[in-house]
Amino acid sequence: MGMCKNIINLKRRRAVIHSRGDQAAGRAPRILPPPLNNVLALYPQPPEKAQFRKTLNMAPTTRSLSFPRVIVEKDTDSEHSSSEEEEEDDDEEPIEDEDEDEDEDENGKSFENEGQRIEEDSNKKGKAPITLSLKKVCKVCKRTGHEAGFKGATYIDCPMKPCFLCKMPGHTTMTCPHRVATEFGVIPASHKNTRNALLYVFERQFKPHIPPIKPAYVIPDQVNCAVIRYHSRRVTCLEFHPTNNRLLLSGDKKGQVGVWDYDKVHEKVVYGNIHSCIVNNMRFSPTNDGMIYAASSDGTISCTDMETGISSPLMNLNPDGWQGPNSWRMLYGMDINPEKHTVFVADNFGFLYLVDTRSNNRSGQAVLIHKKGSKVVGLHCNPLQPDLLLSCGNDHFARIWDIRRLVVGSSLYDLAHRRVVNSAYFSPISGCKILTTSQDNRIRVWDSIFGNLHSPSREIVHSHDFNRHLTPFRAEWDPKDPSESLAVIGRYISENYNGIALHPIDFIDVSTGQLVAEVMDPNITTISPVNKLHPRDDVLASGSSRSLFIWRPKDDHELVEQDERKIVICTGTEKKRKHKSKNDESEDDSDVNKPTPTSKGKNFKSRKPSTEIRKSSQKMKR
DNA sequence: ACCAGATGTTGCC
DNA sequence: TGGCAACCCTCTGG
């Protein structure tokens, strides 16, 4: 399916109108092109050429224009159809620039482009003709001579842009050193602090001659069960039940909360009347594991009975309803501190709120913990020290707070990032390390034992600079790993796996920066931004688009005996349900509760186990 | 087969 | 400071 889409993308050979107005409007890319030779050297050969013969022969879309004069640039390559000639095309065709002044300034090269010449001549006469270009046009930088996009299952970057992965100029994702081995360029931990009780434990991770005490990682690498289209919108968060091993909580963009016992795949519950828009974070109550707290962009925290779905709002930041976007408050980060009987939530304006779980009332005043007007996307209480709170947000900072003294500017540490921080988590056992995910395509580990908190101990380049229509990626600790080094995170850019573009879920040893495993299934062609590792079992839950997946290790005995995965595909679209009952939410839910057991689905074609995994110590890519 | 639309962050003016 | 356009390896329904 993904493959088909890629082909479709390539088939679009657009007729583009070049006019000087484009430049005047400032449409030239801001990033200056690297030297031409380098670009051409880096530009890869197009794979799977034969597949796209028809593409090249397609008639271009044209517009009939009576005014002004139209010049047609002919692309000689489009008249050929042999694969050899296409290769020549990519190798030899110069990269042209619409702005002739820039060309002269930068390398003084004269381009052999007829259309451009005519345009220049006409300009001297005071006319502004429009050039219809039948040449290949890059959809990223709008220049001719190269094309960005999928060639089969391989994405070709625009060579005019900095690397999409590491953000550095001079190379593309294809040749990025971080794509070859994730540990390349990782900043090593600095050993600054004096010895303490935990040093011995952590030291074993860094000194290879000491026999490792940690067991080999068990990677849940095979889809064990799934519900395709469980939610009606994309999944935004997942949470495992604290005591019931088979219970998974899921929230979505529409505000619905799913309670899924994945031992009984067909029995599915989705509560649709708790929130009116995005559920950003969920937690189970520390005192009653049948109760769910959820923070939503509708400005409320809900407290819901898992069995009945009966919900009561703890706090509503928009009691007067919609008064415009400048006043509408949305709740993002949330965590519960059991010792303090407090729910911490933060909003999109930089404020932190406290709610007492015993009285269900707000306690204290809202405190500005991030830049005023910026979103606070994550909160996390330290697992060992109840006084410590970690926050992160769109002001490019993660901050550590002492909750006994929550005042503006009183943070203990400010962890600086280059871009928005999607998540920040204390390590699950000792609470001594912090794992942050930032939109600058880097996972950072901040170590309070070995390093200091002024700079990250490690920076691991990883592709998660997300498209705005995706749930933000968050690197999550493995709560079972005693060494506190294994983390899981979905990957944004795809790789070509046997001709299919897939987005794996990466397991990374953050103490070394190594990619431990990349997990994918050829049937899951969508990106999996939401991932959670089970607190006790070797289970990974992932949310991809609207679907939920449970992954287990391939050699799981239980699985071998079953020899069959349980895949349920829900039918019925959002609109169909709306037609049935426009206003009745409960009926909407009852419909959702009737999944159709079928193996037909857009993104999941086969019921047979066909999961793939690549465990790699060094190479991420061939 | 193709398109529109939902949607958030960023940097520039 | 606020308005606006660019970003441009998504996903879905119509």
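Every heavy atom of this structure was used, including side-chain atoms; hydrogens, water molecules and symmetry mates were not. Within every chain, numbering begins at 1; the chains are lettered A, B, ... in the order of the sequence lines, protein sequences first and strands thereafter. Since the model is a prediction, treat every value here as computed from it, not as a measurement.
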Distance-minimising heavy-atom pair for A:A226 and A:F549: CB-CD2, 3.4 Å
Side chain of A:D157: nearest nucleotide among C:dC9, C:dG13, B:dT9? C:dC9
Candidates B:dG8, B:dT10, C:dC9 - which lies nearest the side chain of A:F150: C:dC9
Please pick, from B:dT10, C:dC7, C:dT10, the nucleotide with the shortest atom-to-atom distance to any side-chain atom of A:R419. B:dT10
Test item: A:T236 side-chain N/O and A:V279 main-chain N/O as donor-acceptor pair under 3.5 Å: yes
Between B:dT10 (P) and A:D395 (CG): distance, integer Å: 10 Å
Counting side-chain heavy atoms from C-beta on, which of C:dT10, C:dT12, B:dT9 comes nearest to A:S545? C:dT12
List in chain and number order the residues that pass side chain to side chain donor-acceptor pair (under 3.5 Å) with A:T300, two or more places apart in sequence or in another chain; answer none if no residue qualifies. A:H275, A:D298
The side chain of A:Y492 lies closest to which of these nucleotides: B:dA6, B:dT10, C:dT10? C:dT10
Parallel, tilted or perpendicular: which describes the rings of A:W446 and A:H417, with under 30° parallel and over 60° perpendicular? tilted
Between B:dT9, C:dC9, C:dT12, spot the one nearest the side chain of A:Q439, thanks. B:dT9
List the residues meeting side chain to side chain donor-acceptor pair (under 3.5 Å) with A:D252, not counting sequence neighbours, and say none if there are none. A:H231
Would you mind classifying the nucleic acid contact of A:I527 as base, sugar-phosphate or nothing, using non-hydrogen atoms under 4.0 angstrom? sugar-phosphate
I'd like a table of atom pairs between the protein and nucleotides 1-5 of chain C - only N or O on both sides, under 3.5 Å - with the distance next to each one.
none

Would you indicate what A:T173 reaches in the nucleic acid, counting non-hydrogen atoms under 4.0 angstrom: base, sugar-phosphate, or nothing? base
Nearest whole angstrom, please: distance from the P of B:dG11 to the CG of A:N394. 12 Å
Ignoring backbone atoms, establish whether A:R418 has a side-chain N or O less than 4.0 Å from OP1 or OP2 of B:dT9. no
May I have the distance from A:F164 (atom CZ) to C:dC8 (atom P), rounded to whole angstrom? 6 Å
Listed by chain and number, what are the salt bridge (charged side-chain N to carboxylate O under 4.0 Å, His left out) partners of A:E476, not counting sequence neighbours? A:K532
A:D465: which residues meet the side chain to side chain donor-acceptor pair (under 3.5 Å) condition with it, sequence neighbours left out? A:K167
Of the options C:dC9, B:dT10, C:dC11, whose atoms approach the side-chain atoms of A:T526 most closely? C:dC11
Please give, in whole Å, the distance from B:dG8 P to A:R234 CZ? 8 Å
In whole Å, what is the span from the NZ atom of A:K167 to the P atom of B:dG11? 12 Å
Could you tell me which residues satisfy side chain to side chain donor-acceptor pair (under 3.5 Å) with A:S374, sequence neighbours excluded, listed by chain and number? none
Under-4.0 Å side-chain N/O to phosphate OP1/OP2 contact, A:H396 with B:dT10: yes
Distance check needed: C:dT10 P versus A:L502 CG, whole Å only. 13 Å
Using OP1 and OP2 only, check whether a side-chain N or O of A:K253 sits under 4.0 Å from C:dC11. no
Winner on side-chain proximity to A:R546, out of B:dT9, C:dT10, C:dT12, is C:dT12
Could you tell me the separation between the CZ atom of A:F473 and the P atom of C:dT10, rounded to a whole number of Å? 11 Å
Taken to the nearest whole Å, CZ/A:R468 to P/C:dC9 is 11 Å
